[in-house]
There are 2 protein chains.
Amino acid sequence: MSKCESCIIKEFNSLKSLTRDELMRVSACKTGKFYKKGQIIFEEGEVLNGVYCVKSGVCKLTKLSENGKDQVVKLVVKGDLLGKRSLVSDQKTNLSAVALNDMEMCFIPKSEIIDDLSKNPKFTMDVLREMANDLRESDVSLVNMAQKSVKRRMAEILMYIHDNFGTDNEGYLSIVLSREDFASIVGTATESAIRILSQFKKEDLISTKGKHIKIEDYNGLKWIE
Amino acid sequence: MSKCESCIIKEFNSLKSLTRDELMRVSACKTGKFYKKGQIIFEEGEVLNGVYCVKSGVCKLTKLSENGKDQVVKLVVKGDLLGKRSLVSDQKTNLSAVALNDMEMCFIPKSEIIDDLSKNPKFTMDVLREMANDLRESDVSLVNMAQKSVKRRMAEILMYIHDNFGTDNEGYLSIVLSREDFASIVGTATESAIRILSQFKKEDLISTKGKHIKIEDYNGLKWIE
DNA sequence: GATAAAATATGATATTTGTCATGTTATCAT
DNA sequence: ATGATAACATGACAAATATCATATTTTATC
């Protein structure tokens with residue numbers, strides 16, 4: 001396995017604030033893990049004893065609602081750290097993580113990194129900054145969920161995926177989600193998600209090829225109410 | 001003004017992890033502030049240069065949605081620190097804070113506390129823990145907003161206020177909110193909020209005296225779908 | 001205490017969204 | 001290839017919620 005020091009992924013997250021020595025130590029104890037599409041990385045209620053660093057692929061963080069439906073809270077991508085909260089708390093996680101693609105990750109045991117939190121202020125500040133950012137994003141999601149229509153939210157998630165994960169060479173969104181996943185992100189019934197995507201197709205805002213979606217009229221999506 | 005060291009409020013937040021010396025320094029530079037009901041503490045887009053420590057009263061943190069409506073993101077109470085994010089970022093706040101009661105707060109300039117973040121790991125860990133907790137709560141709110149009915153959310157906010165802020169000696173919720181505030185917490189139209197509260201009243205789940213609300217059947221509220 | 005303004009209340013109606021039923025298409029393991 | 005299974009699609013209807021109109025009550029102000 002390659003060393004953390006030379007891994008470009010570290011530039012995307014707070015690991016960049018670790019010193020060379022700290023990184024070497026982390027590198028020595030990390031475990032490479034691979035997950036296939038659909039595989040569960042961890043589940044709500046488990047106790048995590050480390051953080052996952054995403055090297056490639058995408059996963060969803062979900063939370064089970066009392067009505068039995070899963071709600072996607074966040075999509076996690078290359079460079080993100082998963083399980084940051086386990087560093088500061090021994091509580092069970094409140095979220096599940098499921099791979100949406102084949103994924104490559106590094107697992108870093110909490111015990112190896114917890115010392116750095118108290119000894120390397122630069123690192124700590126960086127973790128703090130990342131959490132503050134997560135919190136800000138979370139506020140935005142809450143307001144969207146509370147104040148926008150399902151159709152609007154669906155348009156926004158399509159644009160979000162387009163902007164943040166890009167497209168393949170034919171212009172199809174490079175993240176492929178089931179209709180159920182879309183429903184679970186947008187917070188609606190699966191049938192409603194299907195209906196809305198069908199409607200977008202009829203209005204030539206998007207086109208589809210199997211599960212692959214291409215945005216045909218980005219501006220049109222923008223103005224959906 | 002009293003000293004931070006002897007202020008019981010500090011036990012509720014991360015200030016408790018400051019050393020005696022640090023607390024004395026903070027105490028020396030803090031400013032006491034009073035806000036009247038309805039007064040704006042800060043507004044979305046402002047740059048905060050410190051944290052507020054709530055000594056008494058309640059305020060709402062709101063975010064303006066694109067549709068022009070305010071959404072309440074969190075209710076903030078005695079012991080909470082407001083503006084934690086300003087400590088780790090120079091960005092504008094993404095939230096506004098408005099007093100719901102008369103409030104008493106201490107304002108601590110960022111410059112006086114930022115050093116402690118890098119020098120006192122115990123303090124930093126505590127701030128980290130508080131943020132992790134905010135994040136967890138935020139996930140819960142998101143799922144509630146996405147998956148539960150307006151009626152259910154209304155029932156839950158009533159119980160939440162009852163459990164977290166208590167009642168006066170006649171049994172009325174000690175936090176008094178306008179119907180508009182309720183609507184903005186629950187994420188619905190004001191008329192809908194009014195209608196639902198009226199319905200609760202008809203079903204003898206609550207009773208009201210002016211703007212004051214008393215929960216008459218807590219268990220009934222619990223089972224609202 | 002009279003008056004204006006704001007908050008609360010309620011009806012009528014339109015729109016959005018959910019649910020159940022059922023059919024079609026795609027996917028996967030053998 | 002071929003069933004079996006899951007995913008997708010769509011109609012019909014019900015339920016939830018928003019919107020607009022208009023009273024009524026409360027609160028604030030002079």
Side-chain angles (χ1 to χ4, degrees), chain A residues 36-39 65-71 98 100 144-158 172-173 175-203 206-213 224-225, chain B residues 36-39 65-71 98 100 102 144-158 172-173 175-203 206-214 224-225:
Chain A
K36 289 205 168 164
K37 179 177 170 176
Q39 213 179 334
S65 171
E66 284 162 36
N67 66 5
K69 285 187 189 168
D70 268 325
Q71 174 67 36
V98 180
L100 292 173
N144 286 345
M145 206 55 90
Q147 303 279 355
K148 295 180 179 171
S149 71
V150 174
K151 210 195 292 182
R152 187 74 224 274
R153 281 179 268 155
M154 184 65 84
E156 288 192 359
I157 186 64
L158 290 171
Y172 289 92
L173 296 180
I175 296 198
V176 178
L177 296 170
S178 68
R179 304 296 196 244
E180 199 184 350
D181 279 330
F182 275 112
S184 165
I185 290 171
V186 157
T188 190
T190 305
E191 296 95 320
S192 297
I194 290 173
R195 241 179 269 275
I196 288 173
L197 287 175
S198 297
Q199 195 192 339
F200 283 177
K201 222 159 38 170
K202 263 187 210 129
E203 294 169 354
I206 63 172
S207 64
T208 62
K209 194 172 67 178
K211 294 167 89 91
H212 295 261
I213 295 177
I224 292 277
E225 308 236 347
Chain B
K36 289 207 169 163
K37 180 178 170 176
Q39 211 180 335
S65 171
E66 285 162 33
N67 67 6
K69 286 187 189 166
D70 268 326
Q71 174 65 37
V98 180
L100 293 174
D102 291 354
N144 286 345
M145 207 55 91
Q147 304 279 352
K148 294 180 181 172
S149 71
V150 173
K151 211 195 290 181
R152 186 73 224 273
R153 281 178 269 155
M154 185 65 84
E156 289 192 359
I157 186 65
L158 290 171
Y172 290 92
L173 296 180
I175 296 198
V176 178
L177 297 170
S178 69
R179 304 298 195 243
E180 199 182 353
D181 279 330
F182 274 113
S184 164
I185 290 172
V186 157
T188 191
T190 306
E191 295 95 320
S192 297
I194 290 172
R195 243 180 266 277
I196 288 173
L197 287 174
S198 297
Q199 195 191 337
F200 284 176
K201 222 163 30 175
K202 262 185 213 132
E203 294 168 357
I206 64 173
S207 64
T208 62
K209 193 172 67 179
K211 294 166 88 92
H212 295 259
I213 295 178
K214 171 153 51 168
I224 293 278
E225 306 239 347

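Letters A, B, ... are given to chains in the order of the sequence lines, protein chains preceding strands, and every chain is numbered from 1.
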Checklist outcome for this item: With the side chain defined as heavy atoms from C-beta on, Val150(A) is closest, among dT17(D), dT17(C), dA12(D), to dT17(C)
Next on the checklist: Is there, by distance only and without an angle test, a donor paired with an acceptor across the side chain of Arg195(A) and the base of dT19(C) below 3.5 Å?
Outcome noted: yes
Checklist outcome for this item: Lys211(B) has its side chain closest, among dT10(D), dA7(C), dT19(C), to dA7(C)
Item to check | Distance in angstrom units between His212(B) NE2 and dT8(C) P, rounded | outcome: 12 Å
Next on the checklist: Keeping Asp102(B) on the side-chain end and Lys36(B) on the backbone end, is there a donor-acceptor pair under 3.5 Å?
Outcome noted: no
Next on the checklist: Tell me the interatomic distance from Ile194(B), atom CD1, to dT19(D), atom P, rounded to whole angstroms.
Outcome noted: 14 Å
Checklist entry - Between the side chain of Arg179(B) and the main-chain N/O of Ala193(B), is any donor-acceptor distance below 3.5 Å? => result no
Next on the checklist: Is Lys69(B) close enough to dT19(D) that one of its side-chain N or O atoms is under 4.0 Å from OP1 or OP2 there?
Outcome noted: yes
Checklist entry - Over how many whole Å does the gap from Leu177(B) atom CG to dT26(D) atom C1' extend? => result 17 Å
Checklist entry - How many Å lie between CD1 on Ile196(A) and C1' on dC8(D), as a whole number? => result 15 Å
Checklist entry - With Ile213(B), which of Phe182(B), Phe200(B), Tyr172(B) fulfils side chain to side chain contact (heavy atoms under 4.5 Å, CB included)? => result Phe182(B)
Checklist entry - Rounded to the nearest Å, what distance is computed from the CD atom of residue Gln199(B) to the C1' atom of nucleotide dT10(C)? => result 13 Å
Checklist entry - Which angle, to the nearest 10 degrees, lies between the helix axes at the two ends of the helix from dG1(C)-dC30(D) to dT30(C)-dA1(D), each defined by five pairs? => result 60°
Checklist entry - Nearest of dC8(D), dT8(C), dT17(D) to any side-chain atom of Thr188(B)? => result dT17(D)
Next on the checklist: If I take atom NZ in residue Lys37(A) and atom P in nucleotide dT27(C), what distance separates them, rounded to the nearest angstrom?
Outcome noted: 10 Å
Checklist entry - Taking NZ from Lys151(B) and C1' from dA15(D), how many angstroms apart are they, rounded to a whole number? => result 10 Å
Checklist outcome for this item: Between CG of Asn67(B) and P of dT15(C) the distance, given in whole Å, is 18 Å
Checklist entry - To the side chain of Ala189(B), which of dT10(D), dT10(C), dA18(D) is closest? => result dA18(D)
Checklist entry - Is Lys201(B) touching bases, backbone alone, or none of the nucleic acid, heavy atoms closer than 4.0 Å? => result sugar-phosphate
Next on the checklist: Which heavy atom of Gly187(B) sits nearest to which heavy atom of Gln71(B), and what is that distance?
Outcome noted: CA-OE1, 3.5 Å
Checklist entry - Is the base of dT10(C) touched by the side chain of Arg179(B) through a donor-acceptor pair closer than 3.5 angstrom? => result no
Checklist entry - Under 4.0 Å between a Lys/Arg side-chain N and an Asp/Glu carboxylate O for Arg152(A) and Glu156(A)? => result yes
Item to check | Given dT19(D), dA9(D), dT19(C), the nucleotide with the shortest approach to the side chain of Ser192(A) | outcome: dT19(C)
Checklist entry - For Ser198(A) and dC8(D), is the shortest distance between a side-chain N/O and OP1 or OP2 below 4.0 Å? => result no
Next on the checklist: By nearest heavy atom, map Glu191(B) and Glu180(A) onto DNA chain D; which one lands nearer the 5' end?
Outcome noted: Glu180(A)
Checklist entry - Around atom CD of Glu180(B), are there more than 12 heavy atoms of other residues, nucleotides or ligands at under 6.0 Å? => result no
Checklist entry - With distance as the sole criterion, is a donor-acceptor pair present between the side chains of Lys148(A) and Ser65(B) under 3.5 Å? => result no
Next on the checklist: Could you tell me if the side chain of Ile185(A) sits less than 4.5 Å from the side chain of Leu177(A), heavy atoms only?
Outcome noted: yes
